[in-house]
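Data block below; observations after.
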Amino acid sequence: MTIQIHNTLSGKKEALLPIEKGQVKLYVCGITSYDYCHIGHARSALAFDMIVRYLKYRGFKVTYVRNFTDIDDKIITRAKEQQTTSEELANRFIVEFYTDMDKLGIDRPDIEPKATKHIDEMITLIGELIDQGKAYPSGGDVYYIVDSFPEYGKLSKRNLDDMQAGARISVNEQKRHPMDFVLWKGSKPGEPTWDSPWGPGRPGWHIECSAMSRKYLGENFDIHGGGQDLIFPHHENEIAQSEGANHKPFANYWIHHGFVTIRDEKMSKSLGNFLTIRDILDHYHPEILRFFIFSTHYRNPLDFSETAMQDATAGLERLYECIAAIDALQPLTSVADTASVCTDKDIQQLEGLETRFQQAMDNDFNTAQAQGIFFDSVKAINRIRGKLPAVPATDDLYLLKSSIEILKKLANIMGLLREDAGQFLTAKKNKLVSEGDIDIASIESLIAERYQCRRAKNWVRSDAIRDQLLEKNIELMDGPDGTTWLVKGN
RNA sequence: GGCGGCGUAGCCAAGAGGUCAAGGCAGUGGUCUGCAAAACCAUUAUUCAUCGGUUCGACUCCGAUCGCCGCCUCCA
């Protein structure tokens, strides 16, 4: 069974057949570094983190390149506002980016090139395009001749005529054709600048990815990815530049993930409806964000809301509760000749876990379906656990423990279930207590008092204590081993 | 206006030409409990926006209609 990937270029799912057997070369457009990252950036980083991990899990060697755009108009403008240099600003937000990525537990790509470190490569590439008559200098800028690339529009499925019908193409006297796009921008006084054969300036946005992907992955490589908003013009232009210069297919597969929306609208600075990664991480454990993001297929829009995050919290806790319960089973109590309590259905369910997971993930990285499979397994595990006698059969115990190990291994591809289950659950409790207006000592002392009341069958006082704590959002649970408690809410 | 996508139970969300339309949340019933809570188990769509067509058979393919979203300008 091969991995099927939805390829934006063909609009269809295709089997992943790398250029070099067993080796996948992946280029992903990273951030423009001028501000804190929002959850849309998180989705991008998380999606490709998952994809890379899955490819590795399936036995591929992966070379993963993700760039930093550290020079562009927004950076220059923002640096001016903050009375600093573009370089300082860009570097500062790269550090902040890493802080967020580390908190989310995202692995570093193999290569993370910065645009400003590859000006020479870009100048070389622009020179090649000019030599081939596919670009022209004009007024200190250099433009790409879109008419020189007959396949222009093949990725975004549009043609030059359609686009010109749209009224929003900016008029620019320097351009021969309104859709020609800039490869090199002449610099204005006070702007960061590099020397070039066409005068001082800086690179256009699209050229960096063509130049850097060629340097690190070659002229033709396997997968190129990014957000859906990059399809046009960014990736379309990259294709025009790279295939125009190299006369070879550029990326074989294009993967584009969907947006994170809020109230069904794309997050954007102009609408002011964006949330930064750290906004979220202030309130939610990183795995909750991951669980939420992977609860939908990567190409679909994902609507952020408190409710959705609460659902994600509940779902993730269900998984952790299951693990914690199995962790708590004592392996030494098992005896070989105890009868098994597992039904064939449960055994089949658990033994099929990894295969079913692979089938889901092979199908264009369907994490939503994969999560469903986790829950199927949890249900089977809980069902068995519920029937377990005080001295369970060795085989049953082994099945439970090994299923949990597989579950954790597979969930790890999405970066989930990495924590110790007990710690995950108590950490949350402690956090909630610290946010409330009662401390653990008072809770414990009231529970101790109630214990005495309950022994004396003083239900009135005992219930009063319970209600008193409930007002503070502390819920009591009487079990055979004493009373435990939790904090209501999320 | 052009192009692309989506519309599945109260909410979120998979699936896919033909046995029961995954799973999560919420709801309901049960186990447990002094009563609860939590947890666990069970259960919840004769139906997949609407209308036509293709087919022995469609939620899944085709066409139209309605609604929503995105791109066409920087954007993950």
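To find a chain, count down the sequence lines: A is the first, B the second, and so on, and within it residues start at 1. Bear in mind that the values here come from a model prediction, so they are computed numbers and not experimental data.
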Complement of C66(B), any strand, by Watson-Crick or G-U distances under 3.5 angstrom:
G7(B)
Out of G24(B), A14(B), A76(B), whichever nucleotide has its closest atom nearest the side chain of Ser44(A):
A76(B)
Below 3.5 Å, does any donor atom in the side chain of Arg43(A) face an acceptor in the base of A76(B), or the other way round?
no
Protein-nucleotide distance (Phe232(A), atom CZ; G2(B), atom P), rounded to Å:
17 Å
Would you indicate, yes or no, if A13(B) has its OP1 or OP2 atom less than 4.0 angstrom from a side-chain nitrogen or oxygen of Asn366(A)?
no
Rounded P spacing from U44(B) to A58(B) in Å:
25 Å
Rounded to the nearest angstrom, tell me the gap between atom CG in Asn382(A) and atom P in G23(B).
14 Å
What contact category does Gly386(A) fall into here, base, sugar-phosphate, or nothing, at under 4.0 angstrom with non-hydrogen atoms?
nothing
Closest of G70(B), A76(B), C40(B) to the Arg385(A) side chain is C40(B)
Nearest to the side chain of Lys379(A), which nucleotide is it out of A16(B), A76(B), A42(B)?
A42(B)
With a non-hydrogen cut-off below 4.0 angstrom, is Ser156(A) in contact with a base, only sugar-phosphate, or nothing?
sugar-phosphate
Does any donor-acceptor pair link the side chain of Asp463(A) with the base of G34(B) at a separation under 3.5 Å?
yes
Determine which nucleotide pairs with U28(B), using a 3.5 Å limit on both distances of a Watson-Crick or G-U wobble pair.
A42(B)
Just the rounded figure in Å: distance from P of U8(B) to CD of Gln369(A).
18 Å
With respect to the side chain of Met477(A), which nucleotide from C11(B), G34(B), A38(B) is positioned closest?
A38(B)
Distance-only, no hydrogens or angles: does the Lys429(A) side chain make a donor-acceptor pair with backbone N or O of Trp485(A) under 3.5 Å?
yes
When rounded to the nearest Å, what value does the distance between C1' atoms of C48(B) and A9(B) take?
10 Å
Distance, rounded to the nearest Å, where Leu230(A) contributes CG and G4(B) contributes P:
20 Å
Base-pairing mate for G57(B) - Watson-Crick or G-U, with both contacts under 3.5 Å
none
Give me the distance, rounded to whole Å, that separates C56(B) from G17(B) when you measure between the C1' atoms they each carry.
12 Å
Give the nucleotide from the list A76(B), G34(B), C40(B) with an atom nearest to the side chain of Trp459(A).
G34(B)
Ignoring hydrogens and angles, are the base of C35(B) and the side chain of Asp478(A) linked by a donor-acceptor pair under 3.5 Å?
yes
Stacking between Phe259(A) and the base of G70(B) (centre distance under 5.5 Å, interplanar angle under 30°)?
no
Is the cationic atom of Arg318(A) (NZ for Lys, CZ for Arg) positioned less than 6.0 Å from the six-membered ring centroid of Phe375(A) and within 45 degrees of its normal?
no
Indicate whether the side chain of Asp362(A) and that of Tyr54(A) have a donor and an acceptor atom separated by less than 3.5 Å.
yes
Using purine N1 to pyrimidine N3 plus N6-O4 or O6-N4 for Watson-Crick, or N1-O2 and O6-N3 for G-U wobble, each under 3.5 Å, what pairs with C71(B)?
G2(B)
Taking only the P atom of each, what is the distance from C32(B) to A13(B) in whole angstrom?
38 Å
How far, in whole Å, is G7(B) from U60(B) if one measures between their C1' atoms?
14 Å
Rounded to the nearest Å, what distance is computed from the NZ atom of residue Lys157(A) to the C1' atom of nucleotide G4(B)?
9 Å
Nearest-Å distance once atom C1' is located in both A45(B) and G34(B):
41 Å
If C48(B) has a Watson-Crick or G-U wobble mate with both distances under 3.5 Å, name it; if not, just say none.
none
For C71(B) versus C25(B), give the span between their P atoms, rounded off to a whole number of Å.
33 Å
Sugar-phosphate only, base, or nothing, as touched by His234(A) at under 4.0 Å among non-hydrogen atoms
nothing
Strictly below 4.0 Å: does Asn300(A) bring a side-chain N or O up to OP1 or OP2 of G5(B)?
no
Result of checking Lys13(A), Arg299(A), Lys12(A) against Asp364(A) for salt bridge (Lys or Arg N to Asp or Glu O under 4.0 Å):
Arg299(A)
Kindly point out which of G34(B), C41(B), G15(B) is positioned nearest to the side chain of Arg454(A)?
G34(B)
Assess whether atom CG of Asp344(A) is packed by more than 12 heavy atoms of other residues, nucleotides or ligands within 6.0 Å.
no
Salt-bridged, Asp229(A) to Lys266(A), with N to O below 4.0 Å?
yes
Considering only side-chain heavy atoms of Lys266(A), which listed nucleotide, C71(B), G23(B), A42(B), is closest?
C71(B)
Among A76(B), G15(B), C41(B), which nucleotide sits nearest the side chain of Arg318(A)?
C41(B)
Could you check which nucleotide pairs with C20(B) in any of the strands shown, counting Watson-Crick or G-U wobble with both distances under 3.5 Å?
none
Looking only at side-chain atoms of Thr296(A), point me to the closest of A76(B), A16(B), A14(B).
A14(B)
Phe304(A) CZ to C69(B) P, in whole Å, measures 20 Å
Return the value, rounded to whole Å, for the distance between atom CZ of Arg466(A) and atom P of U33(B).
15 Å
With a 4.0 Å cut-off, would you call Arg454(A) and Asp478(A) a salt bridge?
yes
Pairwise C1' distance for A14(B) and C59(B), with rounding to whole Å:
13 Å
Among A76(B), C71(B), C74(B), which nucleotide has an atom closest to any side-chain atom of Thr32(A)?
A76(B)
Give a yes/no on whether any side-chain N or O of Lys387(A) is located under 4.0 angstrom from OP1 or OP2 of C41(B).
no
Output the rounded distance in Å from CG (Leu155(A)) to C1' (C72(B)).
14 Å
Cut-off 3.5 Å, side chains only: do Thr261(A) and Asp303(A) have a donor facing an acceptor?
yes
